[in-house]
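Notes follow once the structure below has been shown.
In what follows, chains carry the letters A, B, and so on, assigned in the order in which the sequence lines appear, proteins first and then strands, with residues in each chain numbered from 1.
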Amino acid sequence: MAEIPKSYDPQGVESLWYDRWLAAGCFKGKVDSKRESFAVMIPPPNVTGVLHMGHLLNNTLQDIMVRRARQEGKSALWLAGTDHAGIATQSRVEKELRQKQGKTRHDLGREKFIETASEWRDKHGGIILGQLRKLGASCDWDRTVHTLDDGYSQAVLQAFVTLYERGYVYRGKRMVNWCPVSQTGLSDEEVIMKPSKGSLFRMRYEVVELPGTFLEISTTRPETIPGDMAIAVHPGDERYQHLIGKHVWRPFPRAPIPIVGDSAVDPVFGTGVLKVTPAHDRTDFDIGKRHGLTVLDVMNPDGTMSADAGPLAGLERFKARDAAAKLLDELGALVKVEPYENTVGYSERADVPIEPRLSEQWFIRYPKIEEAKRAVTSGIIRFHPERWTKTYLHWLDNIQDWCVSRQLWWGHRIPVWYRKNSDRNESINRHVSLTPPTDPQNWEQDVDVLDTWASSWLWCLATLGWRKPGETTDELKHWYPTGALATGPDIIFLWVARMIIAGLELHGPEKKTLTDDDIRARIPFKRVYFNGIIRDKQGRKMSKSLGNSPEPLDLIAKFGADGLRFGLLSIAPKGQDILFDEDRVSQGRNFCNKLWNASRFRQMSGPMFDNSSLPSIITRIKAEHLDDDDFAILQGLAELTDTTSKHLEEHEFTAYAQGLYTFFWGDFCDWYVEASKARLADPLLRDTCLAVQDLVLRQFLLLLHPVAPFITEELWHLLGYGAENDFIQHHHTATGGDLLRALRDHAIKLVASKVSDVAQLREFVATIRALKSQTNQATRRDTVVTVIAKDSAARTLIENNRDKLYRMAGLAALDFATDAGNRPGMLSVLGTVVLEQSGVVDVAAEMQRLTKELEKVDKVVAAGEAKLTNETFVSKAPPQILEGARKQLEEAKAKRDELSRMLKTIGS
RNA sequence: GGGGGUAUAGCUCAGUUGGUUAGAGCGCCUGAUUGACAUUCAGGAGGUCGAUGGUUCAAGUCCAUCUACUCCCA
């Protein structure tokens, strides 16, 4: 066996093992009905995206779940893939086209453009999947899926057709969110509301029938005035009631428009008078419909003013706003302009204000809303943290139909053909199918494509081969519903909720209502873990423009994938946003190095024996050679095994990481290994001690493996736990009980009291160390102490561990006495410790310390006495609490007495 | 306007059914370097748990109100 180098170098280890895992097919998901299945579907990143900080945590979590499932012997699958990202990709390709060739997509034509975009995707796409390998992601790469793959596309179109046939899809002329840059409609979920600073324009319009009478109106959008078809007031508003039915002069183009009464007007806002522009505002559109107003669109799809905009025609929309204000002023219609802040919807992708725009679009009316709610409220799907349930339900309660058509070319073209020169809104003039009509010359296909989310909402289904309701595949039968989904809460509506709905409606035959059993069979996943968003140290979102986002691959190079994974996990509070700080992540790297060196120490401590299995290690333990520390560390290991399982099961990933950290660093390295060093030098005791180390290391590697796959695999082999092709993923820790049973079978029975014995000894040593440190002799190895033991049990414990205490506390001798005399000392759990060589004691400092401690103890005594003389407490508190309080008071009193005695002697 | 979240040590956070003297990491201070690890070891200082009120024998933990920051929805 090779000698282990001094410090852990992740680089070589990581690439070596990743290649071996791939070569051995370690990540392959195999349909195996005899084993329990566990699948995780990656949230598909944009095909042209690159790895960012958010991916690191999200994918680490998925990897932990899948690797753990593999260890548990489940038939695990982690399926990766990418999303074609309609708007994002198309914009980037168009941009490049414009910059490099000075052309638009229309110059190329649809077919050629898609070809170009596909080439571009193939060239730049999927980089991110390669980057994930550096993180150690154990995806089954052979099953990688892209949303524009043939099979996947078929599923997407079939879902649309099926929903059409079931009456959930319709076409209509509606107000949609229009992005003037991408020139497409968007769903409500793709619109980001942002507070923006603007102006509120106060104008006055003259009443036609009453010359000289003016109405004041406030607006933030004067450029839409040419589209005004009326002004509206609240019908109950006494100020204006008498004017309803009359008209005002619209300033430009000058024309009389009616004054209507409509209860949608908020009489308290502004002047209580609203200008009604049916083509450019949702509320106005509705008002217009109620009053039979014409819808006059004064804007072009690209955001410039149309010919109907009169004097504003041709101007860009924001320039038109200024021009309109100027015009109003010239006409004497402008009363006042004041700064104003309101909330404006921005296009998620293009980051420009959207325009409400009337257009013909396809919509999906969501099916199975009740069932989608029930799936989560009844616990069939569990959210972690649970509070996201509220957000989810709130959205479902206020759900709006989904605009799924996009005026783009990059995506799944809507599978609808219209009879040429006919009314498209008549269903007989439509052909909705995966295949074109048989007489194509008489038809033309819809030019739009589907929203990208209308493909990714099938992710859990289509990646496993779903192509049509009622049909299934071996993969679907085995892995669906998947075990868990890990994602960010920002896409709870865009993706999570829609996937649930898609599963409920489309997985299985058509059913109007679903039973709980149906729901259980149709949901896409059983659990959803919402990870926090990674922010910078100051809590700002990571963004390119701020330049506050570290490069993930640099971080992997710096800390090692394992170190980064472990570090991220230990700073990721459940469901809270994460403030990223490199210094904190370095803890993960340090931990890996600690593990590395502990293993190295094991290797240097003595020969390696047969470590090939748990029994073979246990067999080497001689029960009669075990000491208290062995018992305690083995007991601790058994407990760690169980808490680890619990934390992983409950998705308490931070607790999982911290539990491993404390046990290994604190209990094992700092105490157990140090305390065992004497025994390692004793030929008689050595082998048992080595076997215990081998046992702890082996089990610990198993527990750590999901979060730190590389280093654990490396050490697994270096320490001889597995042969070359026997990977750590094939082994499981079982339970703490199993471990104890295995030990018991070998006549090793752990005694629970040993754990508290060791804890007391540790505290006792800490007391001596502190005392030495305070008297400036921390480094001396020849200190002599006298102990006034608390009781005979304490004395026996000290006697039995004399050598160990000498070693751990740096003592040359330890005597017992019944009286401390006037020497300075310190209290510990086992009694008072007095230093014999107290040469240079800072009396003043010592008195200060003792006084302070005495004050603290006095408070405890006072509180305890108050409690125990309180009759209601004595009569109502449960016995164990009462008993605890009595004991605490007793101890505090003893401590108080001892402290005051020491204080007296030091002062004399 | 509606709904979440958060408020505990200088910083970032634990603290799961209310119950003995509130924890960790980082940072800070003191000390340690010839055989596992300075990506280390030992020790120390530092908080009364945002504010107020309430429930209870007992509140960081439950309830109410308020304040601050933050996110989502309208």
With respect to the side chain of A:Ala877, which nucleotide from B:C37, B:G19, B:G31 is positioned closest? B:G19
Nearest-nucleotide pick for A:Val860, side chain only, options being B:U21, B:U39, B:A36: B:U21
Classify A:Ala770 by what it touches in the nucleic acid, base, sugar-phosphate, or nothing, heavy-atom distance under 4.0 Å. sugar-phosphate
Spacing of A:Ile578 atom CD1 relative to B:C71 atom P, expressed in whole Å: 16 Å
Under a 4.0 Å threshold between the charged nitrogen and the carboxylate oxygen, would A:Glu898 count as salt-bridged to A:Lys790? no
Nearest listed nucleotide, side chain of A:Lys895, among B:U21, B:A36, B:C13: B:U21
Nearest to the side chain of A:Lys852, which nucleotide is it out of B:A32, B:U39, B:G46? B:G46
Look at all strands and tell whether A:Glu674 reaches a base, only sugar-phosphate, or nothing, counting heavy atoms closer than 4.0 Å. base
How about A:Phe653 and A:Tyr529: are their ring centroids closer than 6.0 Å? yes
Could you check which nucleotide pairs with B:G43 in any of the strands shown, counting Watson-Crick or G-U wobble with both distances under 3.5 Å? B:C29
With rounding to the nearest 0.5 angstrom, report the CG to CG distance, A:Asn593 to A:Asp562. 12.5 Å
Do the side chains of A:Lys804 and A:Asp629 get close enough for a salt bridge, i.e. N-O under 4.0 angstrom? yes
If you look at every strand shown and take non-hydrogen atoms under 4.0 Å, does A:Asp583 touch a base, only sugar-phosphate, or nothing? nothing
Describe the nucleic acid contact of A:Pro878 in one word from base, sugar-phosphate, nothing, applying a heavy-atom distance below 4.0 Å. base
Keeping A:Asn870 on the side-chain end and A:Ala866 on the backbone end, is there a donor-acceptor pair under 3.5 Å? no
Answer with base, sugar-phosphate or nothing: what part of the nucleic acid does A:Ala892 contact at a heavy-atom distance below 4.0 Å? nothing
Taking B:U8 as the reference, what is the distance to B:G47 when you measure between their C1' atoms (whole Å, please)? 7 Å
Rounding to an integer number of angstrom, what distance separates B:C73 and B:C11 when you compare their P atoms? 31 Å
Modelled atom types, side-chain donor and acceptor of A:Tyr8 and A:Arg589, under 3.5 Å: no
Looking for any heavy atom pair under 4.0 Å, which part of the strands does A:Asp581 touch: base, sugar-phosphate only, or nothing? nothing
For A:Arg807 and B:C41, give me the distance from atom CZ to atom C1', rounded to whole Å. 13 Å
Tell me the interatomic distance from A:Asp667, atom CG, to B:C41, atom P, rounded to whole angstroms. 14 Å
For B:A22, the Watson-Crick or wobble partner whose two distances fall under 3.5 Å: none
Considering only heavy side-chain atoms of A:His394, the closest of B:C73, B:C37, B:G25 is B:C73
Would you call A:Glu650-A:Arg527 a salt bridge at under 4.0 Å N-O? no
Sugar-phosphate, base or nothing in reach of A:Cys592, heavy atoms under 4.0 Å: nothing
Mate of B:A7 across any strand shown (Watson-Crick or G-U wobble, both atom pairs under 3.5 Å) is B:U67
Counting side-chain heavy atoms from C-beta on, which of B:G19, B:A36, B:A45 comes nearest to A:Ile881? B:G19
Reckon A:Lys594 touches a base, only the sugar-phosphate, or nothing at all at heavy-atom distances under 4.0 Å? base
Can you measure A:Ile571 atom CD1 to B:C26 atom P for me and round it to whole angstrom units? 13 Å
Please classify the nucleic acid contact of A:Lys677 as base, sugar-phosphate, or nothing, using heavy-atom distances under 4.0 Å. base
Nucleotide nearest A:Lys876 when distance is taken to its side chain, options B:A32, B:C57, B:G43: B:C57
Side chain of A:Phe493: nearest nucleotide among B:A36, B:C73, B:C57? B:C73
Distance check needed: B:C37 C1' versus A:Trp665 CH2, whole Å only. 8 Å
Under 4.0 Å between any heavy atoms, over every strand shown, what does A:Arg769 touch: base, sugar-phosphate, or nothing? Just pick one. sugar-phosphate
Side chain of A:Thr872, heavy atoms from C-beta onward: which of B:C57, B:A36, B:A42 has the nearest atom to it? B:C57
Walking RNA chain B from its 5' end, the first of A:Tyr8 and A:Asn870 to be reached, judged by nearest nucleotide, is A:Tyr8
Using atom CD of A:Gln587 as one end and atom P of B:G27 as the other, report the distance to the nearest whole Å. 10 Å
Considering Watson-Crick and G-U wobble pairs with both distances under 3.5 Å, what does B:A38 pair with? none
When you measure from the side chain of A:Ala598, which nucleotide among B:C57, B:U39, B:A36 comes out closest? B:A36
Atom CG of A:Leu771 and atom C1' of B:U30 are separated, to the nearest Å, by 16 Å
Nearest-Å distance for atom pair OH/C1', residues A:Tyr346 and B:A74: 18 Å
Answer yes or no on whether A:Lys594 is positioned over the face of A:Tyr661, meaning its NZ or CZ is under 6.0 Å from the six-membered ring centre and within 45° of the axis. no
For A:Lys859 and A:Leu579, find the nucleotide of RNA chain B closest to each by heavy atoms; which residue's nucleotide sits nearer the 5' end? A:Leu579
